Amino acid sequence: MSLLTELNRTDPARIGQALHRFASQLFPICRSITGAGIRQTLALIGDRIPLQISEVPTGTSVFDWTVPKEWNIRDAYIKGPDGKRVVDFQQSNLHVLNYSIPARGTMPLSELKAHLFTIPENPDWIPYRTSYYKEAWGFCLSHNQMLALEDSDYEVCIDSSLEDGHLTYAECYLRGHSTDEVLISCHACHPSLANDNLSGLTVAAFLAQFLGGRDLRYSYRFLFIPGTIGAITWLARNRETAGRIRHGLVLTCIGDNGRFHYKKSRRGNAEIDRAAANVLRHCGEPAEILEFSPFGYDERQYCSPGFNLSVGCLMRSVWGSFPEYHTSADDLDFIRPRQLAASLRVCVGVLDVLEDNRRYRNLSPYGEPQLGRRNLYRSPGRDGNGIEITARLWVLNLSDGEHSLLDIAERSGVPYAAIRDAAQLLCENGMLAIVPDDAALKTLPERP
Amino acid sequence: MSLLTELNRTDPARIGQALHRFASQLFPICRSITGAGIRQTLALIGDRIPLQISEVPTGTSVFDWTVPKEWNIRDAYIKGPDGKRVVDFQQSNLHVLNYSIPARGTMPLSELKAHLFTIPENPDWIPYRTSYYKEAWGFCLSHNQMLALEDSDYEVCIDSSLEDGHLTYAECYLRGHSTDEVLISCHACHPSLANDNLSGLTVAAFLAQFLGGRDLRYSYRFLFIPGTIGAITWLARNRETAGRIRHGLVLTCIGDNGRFHYKKSRRGNAEIDRAAANVLRHCGEPAEILEFSPFGYDERQYCSPGFNLSVGCLMRSVWGSFPEYHTSADDLDFIRPRQLAASLRVCVGVLDVLEDNRRYRNLSPYGEPQLGRRNLYRSPGRDGNGIEITARLWVLNLSDGEHSLLDIAERSGVPYAAIRDAAQLLCENGMLAIVPDDAALKTLPERP
Amino acid sequence: MSLLTELNRTDPARIGQALHRFASQLFPICRSITGAGIRQTLALIGDRIPLQISEVPTGTSVFDWTVPKEWNIRDAYIKGPDGKRVVDFQQSNLHVLNYSIPARGTMPLSELKAHLFTIPENPDWIPYRTSYYKEAWGFCLSHNQMLALEDSDYEVCIDSSLEDGHLTYAECYLRGHSTDEVLISCHACHPSLANDNLSGLTVAAFLAQFLGGRDLRYSYRFLFIPGTIGAITWLARNRETAGRIRHGLVLTCIGDNGRFHYKKSRRGNAEIDRAAANVLRHCGEPAEILEFSPFGYDERQYCSPGFNLSVGCLMRSVWGSFPEYHTSADDLDFIRPRQLAASLRVCVGVLDVLEDNRRYRNLSPYGEPQLGRRNLYRSPGRDGNGIEITARLWVLNLSDGEHSLLDIAERSGVPYAAIRDAAQLLCENGMLAIVPDDAALKTLPERP
């Protein structure tokens with residue numbers, strides 16, 4: 001049975017609510033690229049799926065980079081002349097410039113302003129800003145908040161620490177028949193931002209949970225990592241494993257109600273690129289395919305020229321293109337149960353292609369085989385020739401040992417799932433034989 | 001002289017009338033995939049061109065199929081309470097479900113209705129229905145005819161036989177310089193239907209007649225066969241011959257006044273595909289090129305993966321897309337002399353390409369040769385540079401031994417015929433030499 | 001420093017005026033494919049750049065052609081009954097049919113008319129007509145001039161000579177690091193026509209002047225030749241040199257205010273074709289890319305199948321497509337200083353691509369290198385990521401030793417110049433290394 005068929009046994013509304021509920025649980029945590037926030041996040045994910053946590057010491061060389069100091073924060077505020085907090089980390093962890101060094105003192109507004117960040121165009125939203133690699137401190141607040149500040153002295157406090165420690169990431173490895181791997185990667189370093197972080201995290205966690213225990217062709221590796229430095233760190237410590245990655249997806253911004261976007265891998269016509277394009281074409285929602293570019297998420301790292309992995313990026317609204325991006329408006333209302341569930345469904349559809357995109361050989365390749373005498377020439381409960389017959393004839397015609405099911409789906413315009421079902425039915429009827437793919441995939445020598 | 005030039009010596013109106021007259025002669029015969037109807041049809045074609053008839057016994061295994069019993073019919077009717085024929089095979093052979101087993105009896109209308117077929121959307125037309133591989137009997141009639149039937153008992157009679165016999169098909173083989181063959185195939189199994197059967201049969205017969213006795217590069221094989229089972233039977237009995245087919249056309253539905261459609265072979269860019277596209281682009285009528293699909297006529301069989309022959313299908317209106325398809329409205333008025341003649345002309349144009357699509361070598365390849373001193377730089381009777389000069393310069397520029405005339409026609413946008421004429425003129429002037437194609441084509445060792 | 005950066009140091013308005021001034025100096029000369037006119041023209045060009053003049057005797061065989069007799073003219077006129085010149089070569093050298101044999105005599109208008117050429121559609125313009133290879137004499141005049149001629153006897157005089165002599169052409173060779181050459185070719189055989197001749201000549205002369213003395217990757221060869229016969233003559237005498245031409249441009253009709261047109265080489269995707277397309281896409285003016293055809297200027301000869309050189313043709317308005325073409329309206333007003341300067345700028349931009357279109361290797365190919373710590377991740381004086389950062393990331397991502405800078409420019413959509421600047425900056429920062437191209441280019445063994 002296909003993965004998608006199994007997923008479809010559960011009501012998508014229930015899946016969507018569960019995804020949103022998990023996102024809500026993760027939302028308040030103040031994540032960063034290191035520190036307690038990401039550890040706490042990974043612990044909650046680890047309650048759902050088996051995770052292997054890695055702690056990489058500050059100062060470790062990872063390719064051209066160095067693992068930075070670990071950042072932790074307890075409190076931060078700006079107090080007005082009346083001693084009241086006018087900006088308060090306890091209200092929103094976005095209020096502090098992420099990775100702010102400790103700061104304490106009193107200063108006039110004119111001096112404080114150099115440390116304040118706002119979005120004049122959206123005066124009610126708090127921006128999300130970071131300063132990972134340049135030591136600095138600051139506060140983010142809504143533009144209206146800042147305008148309301150009187151010309152006075154303010155007490156500032158950032159009760160943070162930036163010290164030698166560790167960079168933390170987690171992996172979930174699901175063993176399949178082959179040692180060749182499918183990578184699912186998402187960043188876990190953004191604080192209270194829902195679409196740009198939690199949508200990817202929650203869908204990836206549910207996907208791993210859904211795949212767990214199933215009989216899989218590929219092995220699957222889920223990475224929950226801090227963006228950029230996390231991907232670079234993982235790659236630097238796992239060069240051999242990276243060589244086994246056959247296909248991969250970066251998941252991010254997949255909870256809002258924008259249309260789907262799939263950004264192709266650097267290769268541009270990798271199997272994952274074609275699988276994603278095919279699934280999206282038939283997913284019932286509008287979707288757009290984007291060419292690769294060296295901007296965006298961690299596909300930048302996986303697609304760096306030394307690795308050039310077949311890793312694409314699935315999004316709904318594209319980072320930087322929607323006003324809520326990197327602001328307090330990217331909150332739990334901005335992501336929707338229905339969209340989260342549909343994104344999970346697309347992911348499963350893509351994996352479905354990877355799992356059984358094989359080549360077959362028509363065992364009656366001379367002329368058409370006589371479908372009629374096998375009761376395969378009329379669709380059940382239909383008058384004319386439906387998509388089932390169409391799919392069967394395409395599979396028979398193109399199954400010459402050269403065309404994969406995805407090739408057939410692309411050439412025929414028939415959804416992959418119908419092509420795969422036709423191939424399975426024809427196999428069961430002894431009309432089609434699978435072409436062994438031992439050469440293509442490395443099989444695990446023994447299975448536990 | 002090119003084939004097309006020779007064809008153009010005859011008034012197309014006369015050709016069209018002759019084609020239509022021959023279609024009219026064949027129209028009344030009750031054809032099926034076996035039996036007297038197809039034999040009689042082939043006999044009439046055999047009056048025009050040399051035919052070799054094959055009779056293949058019932059029960060013969062042909063790939064995944066078996067040659068069915070032979071069907072013959074003498075009479076069929078439904079008689080009303082007053083003893084009058086309300087449905088009468090003598091009026092139209094479409095009235096009987098093709099391949100009906102013998103049936104006799106009297107039954108109430110309610111019981112009879114399970115055996116009646118109509119077209120409610122076109123209530124005056126009789127549908128054409130068959131039941132080759134499932135034993136059944138039935139009548140086809142206009143919907144209005146059926147509505148007029150009173151609730152009463154009816155006498156039915158189908159005076160048919162379905163017994164061991166033969167499947168009949170015919171070949172016309174015209175020997176050329178090479179043993180490599182061009183296949184022209186059309187089905188001859190439909191009863192009184194004009195476009196979907198007779199248009200192809202008549203054009204193919206006239207084409208064979210036209211080619212007869214000419215000096216040809218290729219050998220030509222015309223097949224007049226029952227659809228599907230006939231093509232499969234021929235292929236099963238002629239696997240070696242099939243290996244010699246270099247190009248092929250299925251001809252069908254080429255008499256109506258719809259635009260031309262050429263459906264490409266499974267290969268998609270075979271020489272026949274490119275030749276047909278080029279001829280149609282310049283034929284003066286609108287035309288559409290369709291991608292291959294495993295639906296349609298006997299190209300399904302020739303393009304099955306075990307053969308994968310370079311066989312396309314030339315049509316005007318596409319089967320199933322016009323309301324008259326497989327109804328009594330596909331009659332002799334539905335096909336037109338002018339369209340039949342123009343279709344023949346397109347066929348000859350395509351064969352013209354195949355016959356002399358060769359590669360040449362410019363004998364003055366360094367710089368342009370001086371056309372002026374050979375009186376080749378001005379078109380006869382023209383002021384400026386006409387298509388003749390254009391064609392000459394293109395032929396000279398691209399005749400590097402790599403580009404065929406069809407390549408040059410495609411790249412230049414100049415009609416193939418003008419390119420071919422230019423090549424011939426340049427050869428006559430000693431400026432161009434043909435590249436021997438011995439390697440490409442197998443030549444007959446001796447010629448009778 | 002790039003060639004374009006150097007060119008940009010001079011005010012384009014000044015360049016444009018200088019180009020137009022030089023065109024004005026050349027305009028009055030009565031050029032033809034041989035004779036004093038082209039010699040005088042080459043002498044004036046030789047005042048600006050080092051030229052090697054070749055004189056090829058009449059009767060020399062050059063491939064399929066023969067060098068014709070040399071033509072010279074001193075005077076020509078038609079005198080009316082009153083002895084006044086009604087058509088006068090001294091007024092415009094277009095008045096004489098170029099290559100007219102000597103003629104003297106008196107004849108009635110009716111007889112004279114067979115020797116008169118006009119343009120009825122543009123009755124005030126004098127046409128430009130030639131008769132190089134068929135001995136003839138004639139006059140070109142405005143249609144209104146002809147209509148004003150009374151029915152009377154006229155005295156005609158063409159004081160020309162057509163005798164054994166020479167065909168003259170000139171070369172300017174600029175030695176670079178490699179013996180591989182870039183060819184810049186323009187015809188110098190048209191009399192007082194500004195766009196179709198002088199625009200190409202002047203831009204080519206200035207280009208050679210600009211390149212002179214610079215440190216160049218390629219050697220450059222500028223040809224100033226009579227059209228067709230000149231290119232054929234040069235090719236016939238320089239077959240070995242022709243083999244060293246890696247890239248080439250024919251320059252013509254680049255002074256009018258029409259949009260740019262680049263006609264591709266016969267190869268269609270040669271580096272020169274891609275370079276020209278890329279430069280034109282970003283040149284700030286509308287531009288069109290045309291497929292190769294065997295019509296036009298001397299690219300016809302360079303792209304003949306025996307040579308098949310990578311030579312394209314840069315134009316603004318396309319020959320034959322503007323009414324002023326080959327008429328007296330193609331005068332000094334028809335070409336504009338601004339357009340001439342912009343055309344020179346495009347040429348320099350194209351050469352810039354050829355000069356440094358190399359492949360590089362990212363020295364930190366695993367993951368992205370950390371641009372931030374090198375101060376390369378923020379554009380100078382900008383808030384967000386500008387084109388500089390975009391270019392750097394693209395160069396790093398695609399510099400795998402396979403992609404050239406032009407490949408990167410094409411894939412990224414970033415102008416070539418920005419890509420090249422990024423590559424240079426990254427080299428200076430030790431992040432990129434050039435891939436040696438010894439294999440690709442032949443280097444001069446010793447440099448004088």
Side-chain angles (χ1 to χ4, degrees), chain A residues 358-379 382-405 407-415 418-419 422-423 425-435, chain B residues 61-68 99 117 119-120 127 129-136 185 225-240 242-243 264-268 290-309 311 319-320 325-326:
Chain A
R358 285 190 169 89
R359 291 168 293 128
Y360 292 81
R361 199 174 288 284
N362 176 345
L363 298 175
S364 303
Y366 299 103
E368 286 180 356
Q370 193 177 11
L371 293 176
R373 64 175 167 89
R374 298 172 175 94
N375 275 323
L376 297 175
Y377 203 63
R378 287 284 170 263
S379 299
R382 275 184 193 253
D383 195 33
N385 286 358
I387 196 173
E388 292 93 340
I389 307 303
T390 301
R392 284 169 210 161
L393 290 174
W394 273 111
V395 169
L396 286 168
N397 187 272
L398 292 179
S399 285
D400 49 10
E402 301 291 327
H403 294 84
S404 72
L405 295 186
D407 291 333
I408 301 175
E410 287 180 342
R411 181 155 175 189
S412 67
V414 174
I419 293 294
L425 185 74
L426 292 167
C427 277
E428 288 162 7
N429 279 269
M431 304 173 77
L432 216 59
I434 202 164
V435 173
Chain B
S61 277
V62 285
F63 295 130
D64 193 54
W65 301 62
T66 304
V67 171
Y99 249 65
F117 302 95
I119 315 168
R129 299 286 290 262
T130 69
S131 188
Y132 301 140
Y133 299 103
K134 186 181 158 197
E135 296 206 347
S185 175
I225 49 174
T228 306
I229 185 66
I232 288 168
T233 300
W234 185 85
L235 285 168
R237 292 162 50 101
N238 296 277
R239 289 177 67 156
E240 202 181 334
K264 292 195 223 172
S265 76
R266 182 179 184 272
R267 295 173 180 270
L290 307 174
E291 292 301 319
F292 175 76
S293 70
F295 321 106
Y297 292 100
D298 285 328
E299 70 277 7
R300 295 166 67 153
Q301 311 309 328
Y302 304 125
C303 295
S304 58
F307 290 107
N308 196 22
L309 300 177
V311 176
W319 63 275
Y325 175 74
H326 277 197

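Below, read A as the first sequence line, B as the second, and so on, with proteins coming before strands; counting in each chain starts at 1. As the structure is a computational prediction, the values presented were derived from the model and not from experiment.
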Q: Table please: side-chain donor-acceptor pairs of residues 129-136 of chain B below 3.5 Å, with sequence neighbours left out.
A:
| residue | atom | partner | partner atom | Å |
| --- | --- | --- | --- | --- |
| B:Ser131 | OG | B:Lys134 | O | 2.5 |
| B:Tyr132 | OH | B:Tyr128 | OH | 3.3 |

Q: Can you name the nearest heavy-atom pair linking B:Ser304 to A:Pro365, along with the distance?
A: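 Looks like OG-O, 3.3 Å.
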Q: Per the side chain to side chain contact (heavy atoms under 4.5 Å, CB included) rule, which among A:Leu393, A:Val395, A:Leu396 passes with B:Pro294?
A: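 Single pass found, and it is A:Leu393.
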Q: Which value, rounded to the nearest 0.5 Å, describes the distance between B:Arg266 atom CZ and A:Leu398 atom CG?
A: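 So the CZ of B:Arg266 and the CG of A:Leu398 are separated by 5.0 Å.
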Q: With the side chain counted from C-beta on, respond yes when B:Ser293 and A:Trp394 share a heavy-atom pair under 4.5 Å apart, and no when they do not.
A: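 B:Ser293 reaches A:Trp394 side chain to side chain.
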Q: Which bit of A:Asn397 is near chain B, if near means a heavy-atom gap under 4.5 Å: side chain, backbone, both or neither?
A: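 For A:Asn397, the contact with chain B is made by backbone and side chain together.
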Q: Quick one: what part of A:Arg361 sits under 4.5 Å from any heavy atom of chain B, side chain, backbone, both or neither?
A: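 For A:Arg361, no heavy atom lies under 4.5 Å from chain B.
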Q: For B:Tyr302, is it the side chain, the backbone, both, or neither that has a heavy atom closer than 4.5 Å to a heavy atom of chain A?
A: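 B:Tyr302 has no heavy atom closer than 4.5 Å to chain A.
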Q: Is it the case that atom CD in B:Glu240 sees more than 12 heavy atoms from other parts of the structure closer than 6.0 Å?
A: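 No - once you tally the heavy atoms of other residues, nucleotides and ligands closer than 6.0 Å, there are 12 at most.
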Q: Relative to the ring of A:Tyr366, is the ring of B:Phe63 parallel (under 30°), tilted (30 to 60°) or perpendicular (over 60°)?
A: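 Because their plane-to-plane angle is under 30°, the rings of B:Phe63 and A:Tyr366 count as parallel.
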Q: Rounded to the nearest 0.5 Å, how far does CZ of A:Arg373 lie from CG of B:Asp64?
A: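 With rounding to 0.5 Å, CG (B:Asp64) is 4.0 Å from CZ (A:Arg373).
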Q: Within this structure, what is the CD-CD1 distance for the pair A:Gln370 and B:Ile229, rounded to the nearest 0.5 Å?
A: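 If we round to the nearest 0.5 Å, A:Gln370:CD and B:Ile229:CD1 are 7.0 Å apart.
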